[in-house]
Number of protein chains: 2
Amino acid sequence: MSAQPLDSSEHRSGALLDHLARRMRLRSESVLAPLGLRPRHLVALTVLRAGGGTGQQALATILEMDSTNIVGLLNDLEAKQLIERRRSPEDRRRHVVELTEDGAKRLSEAECALAGAEDEVLGALDPAERETLYELLSRASTGTAVSCTEAICVADDTC
Amino acid sequence: MSAQPLDSSEHRSGALLDHLARRMRLRSESVLAPLGLRPRHLVALTVLRAGGGTGQQALATILEMDSTNIVGLLNDLEAKQLIERRRSPEDRRRHVVELTEDGAKRLSEAECALAGAEDEVLGALDPAERETLYELLSRASTGTAVSCTEAICVADDTC
DNA sequence: TAAATAGTTGGTGCCTCACGAACGATCCCT
DNA sequence: AGGGATCGTTCGTGAGGCACCAACTATTTA
């Protein structure tokens with residue numbers, strides 16, 4: 001076990017994160033439906049935009065999803081031509097996944113469409129605070145994804 | 001409609017929220033299992049601590065869950081004596097739900113136990129940033145009014 | 001008295017997702 | 001060249017979350 005510091009403020013964000021994510025997701029579903037997307041598609045696209053050019057295995061690690069379910073997810077996105085699977089020239093077993101132009105555009109559209117949903121859920125925060133929140137979430141999301149262990153970056157990825 | 005400037009920076013937190021919540025939840029499940037809790041129990045307890053004394057209908061609205069599913073959730077928590085259902089004296093149809101002492105204690109324990117999980121997920125943020133994140137999430141979650149000034153703030157000796 | 005409301009119970013069905021098994025293609029090592 | 005490991009793919013299975021419907025009790029309100 002780790003040492004127990006007498007931290008007076010036991011402020012765990014987990015439950016709040018869960019709560020807000022749920023509220024956001026419920027609204028996102030209806031907003032994204034006309035765009036042919038689901039919340040989890042948006043998560044994948046966002047991750048891909050942040051650190052594109054990853055193999056599907058790495059993507060499974062980042063999203064912490066089973067790799068077999070990644071396939072279906074990417075099939076959806078590829079069918080809509082929002083992502084591309086290209087075989088890696090270095091290792092032809094690998095599929096390098098990247099956003100297409102359409103994908104980036106659709107992601108942007110989705111983000112615009114989600115403005116209303118975010119207004120509802122994050123209504124208590126002013127724009128500056130929302131930007132701070134975004135920045136923190138973004139750093140937390142990409143930081144852990146890129147820097148965690150050395151095992152992920154087997155090859156010379158964009159790490 | 002809205003006067004949102006269409007900058008190149010359409011910073012929507014929804015997907016990031018979803019992503020991080022998932023990663024946190026995956027870790028929370030195994031951590032909370034020994035305590036007999038599940039992530040969604042923790043969400044309910046957290047909400048109850050923030051604004052206790054609500055009816056179940058109100059709780060369903062806050063958590064945005066179907067009220068029939070709220071019943072089962074509260075049954076779990078009441079069976080463990082972490083919450084109490086009392087009939088409201090004003091309207092005897094209503095069940096006023098509140099944390100018990102055991103509930104507050106268990107919640108604190110859970111939050112302590114989640115330190116490791118949070119370290120993994122929010123590893124890219126330093127303590128000050130995590131506190132900022134918590135504060136933003138907390139404000140967003142409880143709406144605008146954080147009348148926490150008079151709240152009990154039990155978390156001092158339990159850790 | 002009649003209608004509306006809060007909670008409870010039971011049941012149904014859909015969707016997500018983790019997990020296992022099998023397969024082709026490819027790399028890597030000896 | 002051969003054998004084992006790895007990446008991606010497909011299929012199936014099962015557990016669990018959750019929305020929804022229907023019926024019922026207790027209580028408030030018009």
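Residue numbers start from 1 in every chain, and the chains themselves are labelled A, B, ... in the order their sequence lines are given, proteins ahead of strands.
With hydrogens and angles ignored, a donor-acceptor pair under 3.5 angstrom links the side chain of B:Arg93 to the base of C:dT5.
Going from atom CG of A:Asp76 over to atom C1' of D:dT9 covers 14 Å, rounded to whole Å. Rounded to whole Å, the distance from CD1 on A:Ile70 to C1' on D:dT9 is 13 Å. Between A:Asp66 atom CG and D:dT13 atom P the separation is 17 Å, expressed in whole Å. In this structure, CD of B:Glu90 is placed 18 Å from P of C:dT5, rounded to the nearest angstrom. Taking atom CG of A:Leu26 as the reference point, atom P of D:dC20 lies 10 Å away to the nearest angstrom. Rounded to whole Å, the distance from CG on B:Leu63 to P on D:dA19 is 11 Å. C:dC15 atom P lies 16 Å from atom CG of A:Leu73, rounded to whole Å. Here the C1' atom of nucleotide C:dT8 and the CG atom of B:Leu74 are 12 Å apart, to the nearest Å.
Using a 4.0 Å heavy-atom criterion, one finds that B:Ser67 contacts no nucleic acid atom at all. The residue A:Gly72 sits apart from the nucleic acid: no heavy atom pair falls under 4.0 Å. When heavy atoms are screened at a 4.0 angstrom cut-off, B:Asn69 is found touching base atoms of the nucleic acid. Residue contacts for A:Glu29: at a heavy-atom cut-off of 4.0 Å it reaches no nucleic acid atom on any strand shown.
Of the candidate nucleotides C:dG7, C:dA6, D:dG17, D:dG17 has the atom lying nearest to any side-chain atom of B:Arg38. Side-chain proximity of B:Arg22 to the nucleotides C:dC17, D:dG16, D:dC20 is greatest for C:dC17. Listed nucleotides C:dG7, C:dA18, C:dT26 differ in distance to B:Arg94; the shortest reach to its side chain belongs to C:dG7. Among the nucleotides C:dC27, C:dA18, D:dG8, the one closest to the side chain of A:Arg85 is D:dG8. Relative to the side chain of A:Thr68, the nucleotides D:dT27, D:dC20, C:dC19 differ in distance, and C:dC19 lies closest. Taking every side-chain heavy atom of B:Gln57 into account, C:dG7 is the closest of D:dA22, D:dT10, C:dG7. When distances run from any side-chain atom of B:His95 to the nucleotides C:dT16, D:dG17, C:dT8, the shortest one goes to C:dT8. Taking the side chain of B:Arg40 as heavy atoms from C-beta on, and the options C:dA6, D:dT9, D:dC18, the nearest nucleotide is D:dC18.
Under 4.0 angstrom from either OP1 or OP2 of D:dG8 there lies no side-chain N or O belonging to A:Asn75.
The closest side-chain heavy-atom distance from B:Leu137 to B:Ser141 is not below 4.5 Å. In this structure, the side chains of A:Arg87 and A:His95 come closer than 4.5 Å at one or more pairs of heavy atoms. Between A:Leu37 and A:Leu77 the shortest side-chain heavy-atom distance falls below 4.5 Å.
The nearest heavy atom of DNA chain C to A:Glu64 and to A:Arg87 marks one nucleotide each, and the one closer to the 5' end goes with A:Glu64. Closest-nucleotide positions on DNA chain D for A:Arg25 and A:Val96 were compared, and the one nearer the 5' end corresponds to A:Val96.
Taking CG of B:Asp76 as the start and CG of B:Leu82 as the end, the distance is 10.0 Å to the nearest 0.5 Å. Atom CG of A:Leu42 sits about 9.0 Å away from atom CG of B:Asp18, to the nearest 0.5 Å.
Of all heavy-atom pairs spanning B:Ile62 and A:His19, the tightest one is O-NE2, 3.1 Å.
The pair B:Asp119-B:Arg130 meets the salt-bridge criterion, since a charged nitrogen lies less than 4.0 angstrom from a carboxylate oxygen.
For the helix from C:dT1-D:dA30 to C:dT30-D:dA1, the angle separating the two terminal helix axes comes to 30°, with each axis derived from five pairs and the value rounded to 10°.
Taking a 6.0 Å sphere around CD of B:Glu64, one finds it holds more than 12 heavy atoms contributed by other residues, nucleotides or ligands. Other residues, nucleotides and ligands contribute at most 12 non-hydrogen atoms within 6.0 Å of the CD atom of B:Glu101.
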